[in-house]
Amino acid sequence: METFETLAQGYVDLLRQSIGQKVILDYFNEYREYKSSPSPLKRIAKSEEGEFVETALGVRIPLNRIIALNGVYFPGYEDYEEVLSARCSR
């Protein structure tokens, strides 16, 4: 069985349960730009580049760049919704 070191097991389980389902995945791309992908998840995997999730459209997102999955915020981004609302209220 493949293990993932970037995320706690509960988050890996959440990703695995979402495979094949249409989800809203919020993440940062390689330029640290905020992106949101309303697409089914195809798989989670490891490669030489690291651990990632792949969408049905072929977009590969490193696990450490995932902000939220269907509104569930990942480690390090738990307060991100507050940050966004503060930026938008200026």
Side-chain angles (χ1 to χ4, degrees):
M1 181 172 174
E2 199 167 48
T3 59
F4 293 87
E5 296 140 13
T6 304
L7 292 176
Q9 188 61 45
Y11 294 99
V12 174
D13 292 343
L14 179 62
L15 286 169
R16 282 193 175 121
Q17 293 167 3
S18 300
I19 300 297
Q21 298 179 18
K22 186 173 181 181
V23 299
I24 303 295
L25 187 67
D26 301 307
Y27 64 97
F28 286 118
N29 69 8
E30 64 271 17
Y31 304 108
R32 192 94 175 134
E33 297 170 324
Y34 172 84
K35 299 288 182 179
S36 186
S37 175
S39 173
L41 295 184
K42 183 177 177 182
R43 66 184 178 127
I44 56 174
K46 275 187 176 182
S47 71
E48 294 163 355
E49 295 97 31
E51 304 164 337
F52 65 92
V53 64
E54 185 175 351
T55 69
L57 298 174
V59 177
R60 293 174 57 167
I61 303 160
L63 297 186
N64 63 355
R65 291 190 191 157
I66 296 174
I67 298 168
L69 175 67
N70 289 336
V72 175
Y73 287 86
F74 278 47
Y77 299 106
E78 295 89 346
D79 299 325
Y80 199 73
E81 187 172 26
E82 292 176 26
V83 172
L84 286 176
S85 66
R87 283 184 177 174
C88 294
S89 65
R90 289 185 172 184

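This one's a predicted model, so the numbers in the text were calculated from it and none came from an experiment.
- Applying the ring pair (Phe, Tyr, Trp, His ring centres under 6.0 Å) test to F74 and every residue at least two apart in sequence or in another chain returns Y11.
- Scanning all heavy atoms of the two residues, the minimum distance from F52 to G50 falls at CD2-O, 3.7 Å.
- With values rounded to the nearest 0.5 angstrom, D26 atom CG is found 4.0 Å from S36 atom OG.
- Among residues two or more places apart in sequence or in another chain, the side-chain hydrogen bond (donor to acceptor under 3.5 Å, both in side chains) test is passed with S39 by none.
- Scored by the side-chain hydrogen bond (donor to acceptor under 3.5 Å, both in side chains) test, E54 finds R43 as partners (sequence neighbours excluded).
- Going from atom CD of E51 over to atom CD1 of I61 covers 14.5 Å, rounded to the nearest 0.5 Å.
- Each salt bridge (charged side-chain N to carboxylate O under 4.0 Å, His left out) pair with one or both residues in residues 61-73, not counting sequence neighbours, would appear here, but there are none.
- Taking all atoms of both residues into account, the shortest heavy-atom contact from Y27 to I66 is CB-CA, 4.1 Å.
- Expressed to the nearest 0.5 Å, how far OG1 of T55 lies from CG of L25 amounts to 8.5 Å.
- Considering only heavy atoms from C-beta on, L7 comes within 4.5 Å of L15 through its side chain.
- Applying the salt bridge (Lys or Arg N to Asp or Glu O under 4.0 Å) rule to E49 yields the partners R60; only residues at least two apart in sequence or on another chain are considered.
- Neither L14 nor I24 shares a network with the other; the hydrophobic side chains, linked directly or stepwise wherever heavy atoms of I, L, V, M, F, W or Y lie under 4.5 Å apart, form separate groups for each.
- At least one side-chain heavy atom of S18 sits under 4.5 Å from a side-chain heavy atom of L69.
- Contact of the I44 side chain with the R16 side chain is registered, since non-hydrogen atoms from C-beta on lie closer than 4.5 Å.
- With sequence neighbours excluded, the residues that form a side-chain hydrogen bond (donor to acceptor under 3.5 Å, both in side chains) with N29 are E33.
- Not counting sequence neighbours, N70 has no partner by the side-chain hydrogen bond (donor to acceptor under 3.5 Å, both in side chains) test.
- To the nearest 0.5 Å, the span separating CD on Q21 from CG on L41 amounts to 8.5 Å.
- A donor-acceptor pair shorter than 3.5 Å can be found between the side chains of D13 and Q9.
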